[in-house]
Every structure is written in structure tokens, then in C-alpha cells.
Amino acid sequence: MKNVLRSMFGVCSSSAEKGEVHDTIRKVFGNDMVMKDNTDRYTQRNKYISHIRDNLPKIIDNKIASHKSKAGKKHAPIVTETPEFDNRPGRVGPKIVVFDASTGTGRLVLVGDERVSVQGLSSFATIRATACVFAGKWMYEVQLGTKGIMQVGWCTASCVFSMDTGVGDTAHSYAYDGGRVRKWNVATSPYGQAWFPGDVIGSCIDLDKGTMEFYRNGISLGVAFDNVAYGAGLAYFPSVSLAMQEHLYANFGHVPFVFPVDGYAPLQAPPNKECARASLLFKYLDALLDELTHLTELKTPVTAKSSKAKSESSREEEVTLRIHSSESTYSPRPSPHSIVDTQSEEMKKISKKAFLMSLARIVIVELGGSLRLSYVVVSELLPRLRGALGLKSRGTHVDQYATEFYLKSRGENFKNLSAKLLTQPQPRLCTLLDLLWTFLNEAALCDILEHCVVRECLLFDLVSPDMYFTQQTEGVYVLCGLMQHRETRHHLVKYVFFNKITFDNFLNVKCPDDTVLRTVIRKAWWQRPTSVQGETDPRIAEMAEKGTIKQSPFSPTETDKISKLLPANDDSDIEKQYREDCDKITKAVAPLEQIQLEFLLMLLENSDGTNMVPSTRKIFLEKFRRYIMDNCILDMRLFNISRNSPAISWCCHARLLTAMLKLWSENPIGHPHLPPHLPAKTFIDGELDFYNVDRLGGVLPFLVRTLRQDLINVLGEDNPFIQSFEPNYNRAGGIDTGVSDMTAGSPGLATLPQVISSLARFMHQPMPTMPNRITGETALALKGTRSMMPGAGAVDVRSAHLRLVDGLLALYHGAAIKHAEKLCELRDNQLDMADCLHDIEQRIYNVSTEIKRRSNEELTEQEKNRKQLMENILKELERSKAVYEEKLEAGSLQMAWVIGAIWTKQRQAELAKHFAGALHSLRLSSDPDYAAHTQVASREILPGKNSILDGASYASLQLEYTSSSDQSPQSPTSRATTPRAGSRSQLGTPNPVCTQDYAESLFAFVPEYHVDAMLELCNTLRLYMHPTVPVQQLPEWEELVVSCASFLCAEFADQRIVLANTRESLVQTLASFATQPATMRAIERVPVKQQMLMIEELLRPYQSRAWAQSNWVLVRFWHGSGFGFRHRQWPHLAARYGDREPTVNNLGARVDAGLMSQCFGPCPSEIIQGRIRDYLAANPKEAAVFLNSLLSQLNWALSEFITMMQEMDRVYVDAQLESRQIKLCATCFDLYHGLARALEMCICLAPGLLTKPEASDNQNELLLGRTCQILMAVISRVCVRGGGGAGFARLVARGLPDTDRVHYYVALSPVAGCLIRLLDPKLPPDHLDKVTQALVTEPLFRVDGLEFMLGKTKDFSFYNYPDDVTVNEMKALEIVVDRLRVAREVAVRARSPGSSGAQSDLLCTICYARPADTAFVPCGHHSCRACIMQHLLNSKQCFFCKANIDTVTEIEPANN
């Protein structure tokens, strides 16, 4: 016991100490290093240190030379290695094998310094390696980064490639292409399996037998070629060909193969000697670790968090760290207390721990030379690190304690793994890492760790061979194990996880092969075609019950129109089983997702910062900002593509969101029940720079200058953010042209993307410090300091949470949303194929029934031939059915993975919280009423509930996006109608009131991607994931949708938003809300204020704005209430193709001018129609202007359609028509239909606009005349053969692509609806008389055109569509036609038969249809009143003499 204590305290002089030193040397190095004459108790350990340092290299060399090393068992036999050449037989070329850039054909790029990773940048690029083989058995591996078209194989030097030909396209080149599942050697044939990203493809060539074989993830695909030419003059190079954007990583032998093949050698010889050397050194190091561990166990256990901060070094550790000197003996500094000779002699000895550390230093320094090779790191060091973590590796010792810990953690699904590793780190691994960090050069250790992480990333990227994901789980566990050591964790975050290998690669969850999925999915299932509701839509049924509309006796029942002939298949049991199998996938993926979460939590550790080093979270957040800039922000600005795979970005967002929600729940900002969000002030106080993107109101410097007073009222005049944009005055009284001038005078410079290369930044001289100003207060200086490494200590929790929330929104908008869209497309394709299969089954049923019917009858020869033809048709249908079923089965496997691993309930709930937080932030900053009534517990979220801005304060926001900062802004129309007393109406007017909490105008400072990400999250939840994961299961989902609808109604045309893309996104999402009953009901629940803001914008004049989308939204509120306007599919197409539910892609936020051609069920809104009626009645001037603009656009759309129709009619051959011309024609027809439906709604809701002067600002006559003119023009052009109807009939009959919706029903149903609404018998008699008189006196009025709609001719009749046009509607149309027919006859009889020559002089010279009863003043030229009033809307000059018009006066035509 005394010896133990004396050893612990470094003092031991007994004979036992001498033997103990010898035993230690024998345990560590063996008998070769034992010194028999070393007996001096004072210098024994020092002599051993010198002896081992001098002789260790020689002993190792002797052992390698005389014995077969341990590495010789794992690798090829040891060969004599020359420093420059590899002289193995059958091989020619340099020792180091890489891709030869000089042999590249096409455009490609070599990625990295190793020159083994290549990416194609042209249609087809080819490159080969620097070494070739002519005899023997050789191989190399490639790991795929993508799964597209690539050809991997071998070629000779004589092969010549081009942009069209690659490896395998010439005589002496052979290749395998897993993208097309074929092998290539001039000719091509099927071979192998389809490959996927991450697959390791082994390419083996046997030039003794002339064969070539390929392997996928270690499994042979069979002999590809057995006739490979070999012999004199033929030497084969490894070579690859890649299509555009395809990339791969090759391994010619610079690291061990992932899946080596027995008997095949790598092209680059493995460093066997260095491996054997490293193996011996690691053996010595393992023994030293055992001794150090044993020594530590004798001491009192340390309970502090050793991984988070270095403990204070004891005296013996101090001795150990000073062993770096070249002297073997440590001599302490002289001390005045050390005056006794015996004490000085005693101090010459070193403790046992210092002795062991000195030995470890010698071994590690010697080991450092071998670890410079990546091969040695991967083959020797990495397996030992895995063994220290309890993971089994070939030929290495596994720590039993670590194995138990790993198995226990896996049994618990790795819950709280990060906390366990950080609070109780594994001593053996941490000691090893401590030794490496202490005695190895830092740069060398950085390379070593990078090699380890790269190897783990390559193994992680492999497709899992089962549903256990063992390789992936162990890979992330290795990273977590390494990061329990603080220095290693900081280094990995600083230099590895955001450079060569980004951290998000370890957050991906890759789908296994179909063979693996089939072991889980017992029976394939897919969603069958949904039943069509049509007039049985719930809202329509509700209106029918109220008596608003009358149900048609011809309306479809609950039976599906396309399923009438087929028996119903009840596959509920199969669906239930399928859902259970999807749950199995969810459970199988859960451990991997949990350990990925723990990995992120270790990266977000915030308690390991000291006054000397920053915390891990602080480093991570700074690196994460750069990651977002590179992968999201710059792509949005420049390329609109993500540099990462969308699947990886989706998984990265998912794990980061889970981690952020966990951290937020532990330390919430404000009220704990509120979702993670950004306080309103965050957008204006400069705490976050939002990646320097544009704000909703434009560029940042312009906004700060324009809204400076509002910023001062909220933040105060001395705020650094405001001061950073102020001009900097020098001593001479001028303005410096430095940073401040750049930020304030040029709006674009402060927001330029940081795309300057590192070389340019290095060469650029730093700006001199501005006089009389703190450098850190300028905008660009603040931006520059944020891109540097953070300072020491922990990061503020609030700041960290805000940066994470902001980064997650940017990540979702920039990259993750693309994966959600891709998955939705997969689901939609599945639905489309299910529809096609349903059609095929229906046809098979029809044909089979007909064949059975004919089999029992005696048939004539012609009938027999017909029967034979039907049997052939049946065979083809059966074959098509088999093809679709095969594709649907494969798709159902992929959808099972989507349901079980990607679109999970947990992911849905987390996205809902993310969406709620983003929406909450936007509403706090945009809507003062919402902010005032939001109950919050912290002033950080809502600083007070006082009146934020008065009613007209938004008029002070004068924003017009411009590239010149000197241009004066223009004031947009204020959203408030009447300013309140005391409000500021002009920009810059001082506000005498005290500092405000927030200003409504400052909503313009919100970054654009916050709005876009919020809208995308909404679409993901309600369109992409739903109905696969029903959104109704989310708590408070309805209230969340109503809140989003309120934001859309109020802000989709907000004048504070000047960015065109954002305004486009808002109106598109509002339009998608109007496509489904659930979201339409949400719009109805929006507060009246927001509803009226929406209606006011929708009913703005159509001139000088993008009106197609807003008109479509307006029509959606009417769909279901118009004449024959209750269909989902166009009635004439439903009879041909069937009436089906639209795919989700069509319901997404992609609204264009042709959206009316798509299939949407009716969901009219009586509430919104009532709001429109109220607005038109309360604002006669605005109503008249809107209706006039609507008629103008309707006239334009009809004229454009007729013109293009006539041009197409002149071309008799369909193939000679341009597709663009056909699409434009169809688009104009769609626009016409939408505008005509909007006119029908206006006439129904406000018929007095056309007959009452007070309802239309005295423009009722003009509006009535224009309305009648357009309606009669449509009837004349479509129905009357002489008026253009013949051309329309020919266009319908031609059946051109994209013109299938051009039909009589679509063209005439809104006209019929307008006529019925105009002549509704419930209207006053004087109204009916005025409208009737206007219609029958219209020159284009044709009774035969009206009768055309009733089927008086054989071309068309509404009676042919009983499922879509109700009986009451047909009766009303008959009454209108009869009334107009009678009125026309009366007008004809009352017309005098005077001579045409006498009366022609009295007609208007513009239209020649009405009497010239109105004259211009003062010029006196005359015309009819209708033409003059229409002309005055656009011009104030005379038709004829161009004189300015003062007024008009009525005249008597007879006196003229």
C-alpha cells in the first residue's frame, strides 16, 4: 500500500520500484526493450526514456523485416516499396493513381486535392486514371454521388472519346451503366441492377482469362464480359464517363476498399510496411493506455465534466507536458526552497504517470509519421477508435465497458446519449485523444480526423442492406464518441463538418432497395380513384337544402361516374395491413433518427465555452450561417438550385427542427406555449442580418433611409443599427467615401452576395478606420465581423434560438421544399397510374362482357373477325394492365417509405409548429390588431399593447423599388381611408409622442424568405403531406388555417410589399385556398376587416396590374353559383375522359392564366359574395370603374381569341400550326371564360349597376350598352354561322392539342348566366325594360344565336348536359329567349321603312348602328351617345378633328 501511495505522489525509492519499471517496459514493448543494467533508482526511468527514444525505430524495423506483421494478414504480401515507382508485374504507371486531367474529354471538374472525385459538366464527359494494367487481376471502386447516366469500366489508350461517346462505346473499352441497367462494348445489352447514390461499384478485370466483372455493394452482378481482348499492345486504364451533373468518388487503392474481392489487387499498392509499423506502435500504445487507465483507477474518481473544460493540471501532469524538450530528464526550475541536496536529488526523479506519458509521447511521435498516409489512418487508427467505442472491427481489441454502454444505449434507442457522453465521457478514448492532441502536430491531427470523418461519411452513404441501418447508426455513433472530447469536438465543427464533409450528410436517411422494402411490406396497396361529387359536393348539397339552388333530377348519385360498370373492390383490410407495415418502417428508422438528433445536440452544446475558447454552439451557429449562405441564399439569388441534394436538405431541416424545438422547450422565449418565432423587433434592430437578402419593402439601406423616423421612434436615435447607415462626416465637413457612403448612398452594395473568392479577399487591402467613428458601428463592419470566428464563451440562449429559427426558415425555403414537391409528384404519379389502371379494367370488363355475349351466338364471318379482333384487344389490355400493376407495386413500395420514414406524424406536428411560429412572427409585425390582442408573457415578443400606429400612419411609407438611391420615392395608396387626427401623413414629420413599441410601416423590413417559407410550410401541410398524413389530426389546425387566411387576405396586395416574387407567392397561395372547401371556409371565418381588404384589392380596376390571378380568385368565390357552373371537370370532357379528382400538384400554389382549364370542385362562398355585394353598393364610383375595366379586358380577351382563331383557320394542315400559337389561343379562351364568369357574378350581385345612375356614378347607360354589346358579340361569333360561328365550329372539330376546353358549353354558359341574371323576373319592371331595349337594339343581336343555345340546331344544346344544367336554369333561359324574341319582333314592327339613303345620314359614323344624337362642344362633330361616352373614358379629344372637348350636348337627329 505504501508503494502505491508513493507511486501516486511520484516518490518511490524501494527495490520494488526498480522491478516495477522493468515490468512496465516488458508489458508495453516486450523483452527487446528491457535494460538489465538500469538499476539506479534515481535515473532508471530517465534512462529508459532515452533508450526507447533511440532504439524504438530500429526495433520496429527489425520486427517488420524478420516476422510477418499483423498487417500482413490483412493485406497483400509485403513487397519492396520504392519511393517513386510501383513495380508489381502486370502494371504500368506512377505509384500514386489518380484521374488524369489531360485525358479528359468534354467538360468535367476534379473535386478536391486528391483528384479522385469527378463531376460532369457537359452532356457526356470521359476521363481515365494515370495507371494501366496488362496482365493479372486488378480492381478499383467508385462510390456514386448520383444515380444518373454514368459508364464505369476500363479502356485502352487507343480509345478516342467525344461528347457523344464514352467508355464502352469503342472496340477496346468496356463499361457498366446502372442508370440504364446495361453493359456496353460497342453494342449494348441488359446487365446488372439499377444503382443508387451511395452505392459502391467494384470494377474487376482479369487479364489472365480475359473476363470483366462488376460488384454492387460487395455483391457480384455476374461476369459482364468474357471476351476481353488482352495480350501484346493492350493495356487497360480505369475510366469513367459521366452525364451532366453526375459525380462519383473513385478509390484506386489510396484507402482500403469497402468491399475487397479476393484475388484482385488495387491499382495503387497499399503501404504495407507503414501499416505494419503503425500496427506495432498501436499495440504499444494500447498497453500504455492500459497502464494509464489502471493508474487512474487507483485515484479518487473525478466527477467533473472532463469533456467540457480542462481540469487544472496537477504537478505531475505539469511535468509530463514539459517532456517536449530534447532532454530525456526533466529538471524543474530552481527554487529558493530547494536548498537541501537530498531534496534536489529527489526532484530528479519523475512519477510513474509522467514516465508513462513520456513513453506515450515517444510512441505517438513515431506513429505520426505513419499516420500521414490516409490508408494507415483508415486501416489502423479508425478501427481502434471504433473499438474504443465498443464497436466491433476486424483484428482490433474492443473495450468491454464501451460495448456494454453501446448495447445499452441502442436498447434505449439512444435516448439522452449526448448528455451521457458529455457528463460521463469514456476514459480510454478520451485519454487516447488527449495524447494525440498533446503530442502530435495540430495540422497533422486535423488531417487524421478529416480522413476518419470522410471514411465514415462514405460508409454512412451506403444503401442499407436491411431495415436495421446498422452501418449508418454506427457511423453517427462514432462521431458522437469522438465529440465527447472537447478539443476534438471544437475542431470537427470548425474545420471538418462545414468544409470537405458537411454535417448534413450524416443526417440523411436513405431508402433501402426494393428487395429490403418487400421484406416489410407484405402486400402492395395504392389509393384507388376517388368518387366524383360534382353537384353532390357538400357545399352544393347544403345550398340545395336551403333552397338557394334546386337540385337537378339528372345530377349524379353517390356512384362514381367512371365506376358504374365495375364491382366495388373493398381493400380496406389490405390498406390497414399496409399502414401497419408503414408503422414498422417508422419504428425501424427511429433509432437512427434519434442518434442523429443526439449528434446535433452535441453540436449545439453551449456549456463548454470558457474565457479562452468559444462554446460548440457558438462555433456551430457561425458556421451554420455560412452554410445557409452557400446552400440556400446564394442559390436563391443566382442559380435557383440547391448545391445539396433536396433529400439531404429535407432530413437536415427535420433533425435541426427537432433539436431546436427541444432547446426551445427547455428555454422558451416569452410565453412557453407560443411556438418558436421571431419577435417583431428582430426584423429592425439589427440583431440578425438575415443573410443580407432583400426585404419586403426593397433593399435595406433604402428602407432605413426612407423609414428612419419610424425606426427612431421604436429603437431610439442612438441605436447602432440606425447609425450604421448614417453618412460619415469628416473634419473638413464633407462626407467620407468609405463604408458609410457605400451603405447609405448605394442600396445595392450592402446587400451584394458574398461570392468574392478567398484569393480576392486575401489580396484586397483592409479599409482604413474611419475617423471620429467606431469601426464596429458601420453596417459593412458589422457584417464583416459576423463572418469571422466568434469570441470566447457561451452564446446567448435567446440569440442562438433566434438564429436557429431564422436559419431553418431559410433552409426550408432554399432547399427542403424541393424534396416535398418531389414526393408530392411521386404520389400524384401514383394516383394518375391508378386512374389509368381503372380505365383499363373498365375496358377489359366491357370487352370481356361483349366476347361472352357473342360466344353463345352463331356468328357470321364478319362477326367472327370482329370477335377475333376483340380478343386481340383483350390481350393487349391485359398486358397493359400487368405493366401498370407492376409500376404501381413499385410505386407503393416507395410510398410506404415516404409514409413511414418521411411524412410521419412527428414530422407533421413539428412542421405545424414551425409554420405556426413563422405565421405568428409575420402577423405580429404586420397587423397591429393581432399584436394588440395576442396574449404574451414576455415583452420581448410583444412589447406592450398600446396603439402601435394610428389609422393613416401607413401613408408615411413611401416605397418604390428602384435601383437608384437618389430617385424620390412615390407614395402608394394608403390602406386607411381617412386619416385620424394627429397622424403623421408625410415621411420625416417629427412625432412628438414618446418612443413607440413597434410601427406598422416597419413590416417592410421582413425578409422575403420568411413569407415564402411560411407559405411553403402551409402548402406542405395541407397539400403535399395531406391526405397521406391527414392534416385534421393536428390540434388547432383549423384556427391556424384561419390565421393564415387572415394574413393572406390582408397582405396579398399590401402596398408595403414591393417585391414582385413575394406578391406573386401571396396571391398564388390565396388562389389555392379558394380551391378547396376547407380553406374556403377558413376565408369565410376571417375577420371582416381583412375580408374587405381582400375584396377591395380584388375589385380594383384591371388596368396596369396583373389581373388574371386575382380574377381567378374572384371566380372561385362564384364557382357553384353560376349557370351550369357546378362541375369539377368540363362537362364535354367528363363524358370523354371521366370526371376525376384533381391531383395535388394542380391544387398547389401555382396559379397561371390557364388555371381555369384545370379541374376543381365547386365551393362557392355566400359570405364572400355578400361582402362583394356590400362593397359594390357602398362604393358606386369604384364599382363603375371596376366593371368598366372588366368589360374592357373581356372585350380584349374575346378579340384576341377570335383573331388567333381566324389565323389558325387559314392553316389547313394541323402540323403546320405552331404550338405557341395554339397555346396562346387556348389561354385567351380561358381568360375570356374567367372574365365572363366574373361579369356574371357582378350582374347577379349588383344588377343596379347597369340601370341605376346612383349605383354606378351615372355611368349606367355606358355600362349597360357595353355589356349588351359583348354578350351579343359572343353569341354572334360562336353561334351564328355568318358571324364567325363557322370558324369556331371548325376549331372545335379539329381537336388540336391544348384546345380541348374550347367548346360551346364553355363559351356560352357564362353568357346564358348573364342574360338570366339581367332579365331575372324578380327585378323591377323598369330595369327589365331598359335591359330588354338595350339588348334588342344592339346591332349584333341575333335571335337565331339565342335559339342555338336551346338546341334549335343540331350543333349544340344545353339540354344535352342534364347532369350540369338544372331544369330551373333551362326554364329561365327559355323565358329569357322568348322575352327577347318578342321584344325584337315589336321593335322591328315599330321601325319605319324609310329609305336607306335618307336615314343613313342620321346614323352614327362610328358604329352605324345608332342615331347620331350627341355632339362635341365646341367643335360640333356628332356621333351616338354610346360611342362618345366610351371614347371619353380614354381620351378627351374629338374623333375627327382632335380638338379638346369641353362638354357634350344632345341634338335632334332629324334636324342634323
Side-chain angles (χ1 to χ4, degrees), residues 21 23-34 45 48-49 51-61 63-64 69-71 74 273-297 317 320-321 323-324 352-373 375-391 393-402 425-441 444-445 448-449 451-452 481-482 485 487-488:
V21 174
D23 292 341
T24 301
I25 296 299
R26 187 174 292 107
K27 290 179 182 178
V28 176
F29 299 101
N31 294 324
D32 296 336
M33 284 293 181
V34 176
R45 289 173 177 167
Y48 259 122
I49 293 174
H51 171 70
I52 293 173
R53 184 175 63 237
D54 295 338
N55 295 283
L56 183 61
K58 301 175 185 178
I59 297 296
I60 293 175
D61 291 340
K63 285 188 176 183
I64 293 175
S69 67
K70 183 179 179 180
K74 297 188 295 180
K273 182 178 178 180
E274 292 298 330
C275 289
R277 188 182 190 87
S279 179
L280 285 173
L281 290 170
F282 273 119
K283 181 180 178 182
Y284 301 153
L285 189 58
D286 288 339
L288 286 171
L289 289 175
D290 291 337
E291 293 295 320
L292 287 170
T293 304
H294 177 69
L295 187 64
T296 305
E297 290 173 352
E317 291 169 345
T320 304
L321 296 177
I323 306 295
H324 289 282
K352 182 176 181 180
K353 184 172 184 180
F355 174 62
L356 294 175
M357 296 289 283
S358 301
L359 297 179
R361 174 184 177 273
I362 296 172
V363 174
I364 290 177
V365 170
E366 189 69 26
L367 186 63
S370 299
L371 291 179
R372 289 178 299 177
L373 300 176
Y375 194 101
V376 178
V377 173
V378 174
S379 64
E380 300 297 335
L381 174 59
L382 185 57
R384 283 169 172 80
L385 293 176
R386 294 174 68 94
L389 289 167
L391 303 177
S393 297
R394 291 182 300 172
T396 57
H397 171 72
V398 180
D399 186 89
Q400 189 62 31
Y401 168 77
Q426 297 169 344
R428 186 179 183 87
L429 178 64
C430 289
T431 303
L432 174 59
L433 292 173
D434 276 332
L435 293 175
L436 293 176
W437 277 106
T438 304
F439 299 126
L440 273 185
N441 179 272
L445 184 57
I448 291 170
L449 290 174
H451 292 322
C452 293
L482 291 175
H485 187 263
E487 285 80 4
T488 306

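Starting from 1, each residue takes its place in the sequence as its number. Bear in mind that the values here come from a model prediction, so they are computed numbers and not experimental data.
Under the rule for a side-chain contact (heavy atoms from CB on, under 4.5 Å), the partners of Ala287 that lie at least two apart in sequence or sit in another chain are Val28. Taking the side-chain hydrogen bond (donor to acceptor under 3.5 Å, both in side chains) definition, one finds that Asp434 meets it with His485, sequence neighbours left out. Under the side-chain hydrogen bond (donor to acceptor under 3.5 Å, both in side chains) criterion, Asp54 pairs with no residue at all, not counting sequence neighbours. Residues that satisfy the side-chain hydrogen bond (donor to acceptor under 3.5 Å, both in side chains) test with Arg428, not counting sequence neighbours, are Asp290. Every residue two or more places apart in sequence or in another chain that forms a side-chain hydrogen bond (donor to acceptor under 3.5 Å, both in side chains) with Asn31 is listed here: Arg26. Lys283 pairs by the salt bridge (Lys or Arg N to Asp or Glu O under 4.0 Å) definition with nothing, not counting sequence neighbours.
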Output side-chain donor-acceptor pairs under 3.5 Å for residues 362-373, partner residues at least two apart or in another chain, one line each.
| residue | atom | partner | partner atom | Å |
| --- | --- | --- | --- | --- |
| Glu366 | OE2 | Arg277 | NH2 | 2.4 |
| Ser370 | OG | Glu274 | OE1 | 2.7 |
| Arg372 | NE | Gly369 | O | 3.0 |

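Of all the heavy atoms in Ala402 and Gly390, the pair that sits closest is CB-N, 3.4 Å. In plain terms, the two heavy atoms of Pro383 and Val377 that are nearest each other are CD-O, 4.5 Å. Between Gln426 and Ala388, the shortest heavy-atom contact is OE1-O, 3.7 Å. In terms of heavy atoms, Gly481 sits closest to Leu429 at O-CD2, 3.4 Å. Taking both residues in full, the closest heavy atoms of Glu380 and Phe282 are given as CB-CE1, 3.9 Å, listed atom of the first, atom of the second, then distance. Here the closest heavy-atom approach between residue Glu487 and residue Trp437 is recorded as O-CZ2, 3.8 Å.
Of the listed residues (Lys58, Arg53, His51), just one forms a side chain to side chain donor-acceptor pair (under 3.5 Å) with Asn55, and that residue is His51.
Contact annotation: the side chain of Leu435 approaches that of Leu285 to within less than 4.5 Å [non-hydrogen atoms, C-beta and beyond]. Taking 4.5 Å as the limit, every side-chain heavy atom of Leu359 sits out of range of all side-chain heavy atoms of Tyr48. Side-chain contact check for Ile59 versus Phe29: every heavy-atom pair is 4.5 Å or farther apart. Residues Leu381 and Val376 have side chains not in contact (no heavy-atom distance under 4.5 Å, counting atoms from C-beta outward).
Distance check, rounded to the nearest 0.5 Å: CG of Leu385 to SG of Cys452 gives 5.5 Å. With rounding to the nearest 0.5 angstrom, the CG atom of Leu440 is 11.0 Å from the CG atom of Leu433. In this structure, Thr431 OG1 and Leu289 CG are separated by 6.5 Å, a value rounded to the nearest 0.5 Å. Arg384 contributes atom CZ, which lies 8.5 Å from atom OG of Ser379 (distance to the nearest 0.5 angstrom). A distance of 4.0 Å separates CD1 in Ile60 from CG in Leu281, rounded to the nearest 0.5 Å. How far CG of Leu436 is from CD1 of Ile448: 7.0 Å, rounded to the nearest 0.5 Å.
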